[in-house]
**Student:** 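Have a look at this one before I ask anything.
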Amino acid sequence: MRKFDTKVQYLKYKVLREVAKCAWEDTLEKELINIPNVIVPGKTATMRCCVYKERAIVTERVKLAIGGNKENKNVIEVIDIACDECPMGGYEVTGACRGCLAHRCEDVCKKGAITIDAQMKAHIDKEKCVECGMCAKVCPYSAIINHKRPCEQACKVKAISMDESKAAKINDEKCIACGACVYQCPWGAINDKSFILDVISAIKNKQKDNYKVYAVVAPSIASQFVYAKLGQVIKGIKELGFDEIVEAALGADIVALSEAKELTEKGFLTSSCCPAFVSYVKKQFPDLAEYISHNLSPMATISKQIKEKEPNAKVVFIGPCTAKKMEFQREEVSPYVDTVITFEELQALFDSKNIEITELEEEQIDHASYYGRIFARSCGLSEAVAEGLKERGLADFDLKAVACDGIEACRVALLKASKRILDGNFIEGMACINGCVGGAGCLTHGDTNRIKIDKFGKMADFSTITDAVNSIEKN
């Protein structure tokens, strides 16, 4: 069974696997320069015009696999040399143009970018066009269409444009690190930095420096690694050298109870679980920033619990999210989370140590409730807050949750909230379609992931959020 959705993911994985393999063996410095030849052997090109360009691109991928450009604070970077195969895009006149007499397109263009040829057909001068879209709006035949590059189409916050060389350019002031562009780029020209070396270092040095390494796993893990059983995946994480595995869903249980109380106190609230959504609110709707829940995310919440009990422990979050790589570096989170890797990177770690998880015995995790686990899919957080209100004896509060599935839905809800016309008092913001199960760092994507999360939730040992949270005191 396939482990990845696309061949781009597979290429990314192969680079991460080779880097990790060298890191385990302490040969990275020596072998770093040879990794492109391992990934692209021989003299026959299979992806680009020639093997030399393929290797040059892999070299850039290796740089990202070992941490990327340290001067660039964004975890999402563009591989310029890989970004050269997409059409320019923009507004174009199609064959549907009938050469009408009205010429509304020409009249409406304030930049003089549209001219009419001898056959009365419209043409657009790309040098003059500012892509305002007015010509497309007035064309009676819908003959003018806007072709966007996949990365631009994927970026719903309009953080991607083209630079002078026509390569993709990321506006860090707008970017929320959701990783949608990473997953959608068909050439793999946009990638997220990896902190996989930090994970390997933490595991290798734990005995020398006398500390434990904790893996905090996101509940969306239940929808991934479809070729193996979840218990085998958990056992595989232990085989890598992690001492303890804790569900981030337990942090979600804590957050659900706390946000329920906070909502009743403030009357209006937006969630704080999705770091991409939080970043979006702060950048695009700063006037609503005060309404973001003051709770840390489930990842940070449970990691804080771990660090309070074992201050010298190393905590690694494993999940589907590229934005988490930005979150763990924030001042209020960095004391609790040491680093973050995605499911893609976890697969690379397994294979770098030749761990065949399908051959392992199962090891279970039973830390959270049903409600904590369903945070992984859209609407799950809203359901959990409703349950939190009930368990806190606050069921009389009239919860009007607005669950936002994807950043476009978030924008609509936030826009209404900013104008005080939103019919709701709690915004559940999820930047990725379907929620965390649709994250850019997932191995697979699809609607079936939601079903798997609900099934995983129903397997929880704790029937209530309160029971799950109380279990922390017993351990």
**Student:** Do Lys21 and Glu25 meet the salt-bridge criterion of a basic N to acidic O distance under 4.0 Å?
**Tutor:** no
**Student:** Can a salt bridge be assigned to the pair Glu60 and Lys63 using a cut-off of 4.0 Å between side-chain N and carboxylate O?
**Tutor:** yes
**Student:** Looking at Glu383 and Arg377, is any side-chain nitrogen of the basic one under 4.0 Å from a carboxylate oxygen of the acidic one?
**Tutor:** yes
**Student:** Establish, from distance only, whether the side-chain atoms of Glu77 and Asn69 form a donor-acceptor pair under 3.5 Å.
**Tutor:** no
**Student:** Between Ile176 and Lys156, is any pair of side-chain heavy atoms under 4.5 Å apart?
**Tutor:** no
**Student:** Mind checking whether Asp467 and Asp461 have side chains closer than 4.5 Å, heavy atoms only?
**Tutor:** no
**Student:** Do you know the tightest heavy-atom contact between Phe462 and His367?
**Tutor:** CE1-O, 3.5 Å
**Student:** Test of understanding: with side-chain hydrogen bond (donor to acceptor under 3.5 Å, both in side chains), list the residues that count as partners of Ser220, not counting sequence neighbours.
**Tutor:** none
**Student:** Please identify each residue that fulfils side-chain hydrogen bond (donor to acceptor under 3.5 Å, both in side chains) with Glu244, with sequence neighbours left out.
**Tutor:** none
**Student:** Would you say that more than 12 heavy atoms from the other residues, nucleotides or ligands in this model lie under 6.0 Å from the NZ of Lys455, or not?
**Tutor:** no
**Student:** CZ of Arg411: more than 12 outside heavy atoms within 6.0 angstrom?
**Tutor:** no
**Student:** Students often mix this up, so state it plainly: with edges at 30° and 60°, are the rings of Tyr183 and His445 parallel, tilted or perpendicular?
**Tutor:** tilted
**Student:** So does Lys452 have more than 12 non-hydrogen atoms from other groups sitting under 6.0 Å from NZ?
**Tutor:** yes
**Student:** When the aromatic ring centroids of Tyr13 and Tyr10 are compared, is their separation below 6.0 Å?
**Tutor:** yes
**Student:** Answer yes or no: is there an ion pair linking Lys314 with Asp198, defined by an N-O contact shorter than 4.0 Å?
**Tutor:** no
**Student:** Check whether any side-chain heavy atom of Phe426 lies under 4.5 Å from a side-chain heavy atom of Ser382, and answer yes or no.
**Tutor:** yes
**Student:** In terms of side-chain geometry, is the basic nitrogen of Lys3 or Asp351 positioned less than 4.0 Å from the acidic oxygen of its partner?
**Tutor:** yes
**Student:** Run the side-chain hydrogen bond (donor to acceptor under 3.5 Å, both in side chains) test against Lys235 and tell me which residues pass, sequence neighbours left out.
**Tutor:** none
**Student:** Out of curiosity, Gln9 CD to Cys442 SG, how far, rounded to the nearest 0.5 Å?
**Tutor:** 9.0 Å
**Student:** With a 6.0 Å cut-off (strictly less than), is the heavy-atom count around CG of Asn312, excluding the residue itself, greater than 12?
**Tutor:** yes
**Student:** Apply side-chain contact (heavy atoms from CB on, under 4.5 Å) to Ile374 and Phe456, showing your working.
**Tutor:** CA-CA 8 Å; Ile374 64 171; Phe456 179 51; over 6 Å; no
**Student:** Would you call Lys353 and Glu239 a salt bridge, taking side-chain N to carboxylate O under 4.0 Å as the test?
**Tutor:** no
**Student:** Output, in order, the C-alpha distance, side-chain angles, deciding distance and verdict of side-chain contact (heavy atoms from CB on, under 4.5 Å) for Ile465 and Arg392.
**Tutor:** CA-CA 10 Å; Ile465 298 174; Arg392 276 189 170 274; over 6 Å; no
**Student:** Out of the candidates Leu32, Ile196, Leu16, only one should pair with Ile66 under the side-chain contact (heavy atoms from CB on, under 4.5 Å) rule; please name it.
**Tutor:** Leu32
**Student:** Are there over 12 heavy-atom neighbours, none belonging to Lys283, within less than 6.0 Å of that residue's NZ?
**Tutor:** yes
**Student:** How about Lys229: does its NZ atom have over 12 heavy atoms from other parts shown lying under 6.0 Å from it?
**Tutor:** no
**Student:** Quick check: closest heavy atoms across Glu327 and Val333, and the distance to 0.1 Å?
**Tutor:** O-CB, 3.4 Å
**Student:** Apply side-chain contact (heavy atoms from CB on, under 4.5 Å) to residues Cys155 and Val157 and explain how you reach the verdict.
**Tutor:** CA-CA 6 Å; Cys155 183; Val157 298; 3.6 Å; yes
**Student:** Does a side-chain N-to-carboxylate-O contact under 4.0 Å join Lys12 and Asp192?
**Tutor:** yes
**Student:** Kindly compute the distance separating CG (Leu389) from CG (Asp396), expressed to the nearest 0.5 Å.
**Tutor:** 10.0 Å
**Student:** State whether the side chain of Gln184 and the backbone N or O of Pro150 hold a donor-acceptor pair below 3.5 Å, judged by distance alone.
**Tutor:** no
**Student:** Any side-chain heavy atom of Tyr370 within less than 4.5 Å of one from Lys458?
**Tutor:** yes
**Student:** Is it the case that the side chain of Arg61 and the backbone of Gly188 share a donor-acceptor pair, with hydrogens and angles ignored and the cut-off at 3.5 Å?
**Tutor:** yes
**Student:** Between Asn295 and Ser272, do the side chains contain a donor N or O and an acceptor N or O under 3.5 Å apart?
**Tutor:** no
**Student:** State, yes or no, whether a side-chain contact exists between Met459 and Arg373 at a heavy-atom distance under 4.5 Å.
**Tutor:** yes
**Student:** What pair of heavy atoms forms the shortest contact from Ser297 to Val255, and how long is it?
**Tutor:** C-CG2, 4.2 Å
**Student:** Out of curiosity, Leu288 CG to Leu414 CG, how far, rounded to the nearest 0.5 Å?
**Tutor:** 6.0 Å
**Student:** When you measure from the side chain of Thr301 to the backbone N and O of Leu296, does any donor-acceptor pair fall under 3.5 Å?
**Tutor:** yes
**Student:** With a 3.5 Å distance limit and no angle check, can you tell me whether Glu54 reaches the backbone of Arg48 through a side-chain donor-acceptor pair?
**Tutor:** yes
**Student:** State whether the side chain of Ser303 and the backbone N or O of Met299 hold a donor-acceptor pair below 3.5 Å, judged by distance alone.
**Tutor:** yes
**Student:** Is the number of heavy atoms from other residues, nucleotides or ligands under 6.0 Å of Lys416 NZ greater than 12?
**Tutor:** no
**Student:** Would a 4.5 Å heavy-atom cut-off, applied to side chains only, mark Ile234 and Gln364 as touching?
**Tutor:** no
**Student:** Just by distance, do the side chain of Asn425 and the backbone of Asp398 share a donor-acceptor pair under 3.5 Å?
**Tutor:** yes
**Student:** The test is side-chain contact (heavy atoms from CB on, under 4.5 Å); show your working for Thr59 and Ile81 and say whether it passes.
**Tutor:** CA-CA 11 Å; Thr59 298; Ile81 192 174; over 6 Å; no
**Student:** Distance check, rounded to the nearest 0.5 Å: Ile79 atom CD1 versus Trp187 atom CH2?
**Tutor:** 13.5 Å
**Student:** With a 4.5 Å limit on heavy-atom distance, are the side chains of Ile237 and Ile221 in contact?
**Tutor:** yes
**Student:** Crowded around Glu265 CD? As in, over 12 foreign heavy atoms under 6.0 Å?
**Tutor:** yes
**Student:** Side chains of Val281 and Tyr291: does their closest heavy-atom pair fall under 4.5 Å?
**Tutor:** no
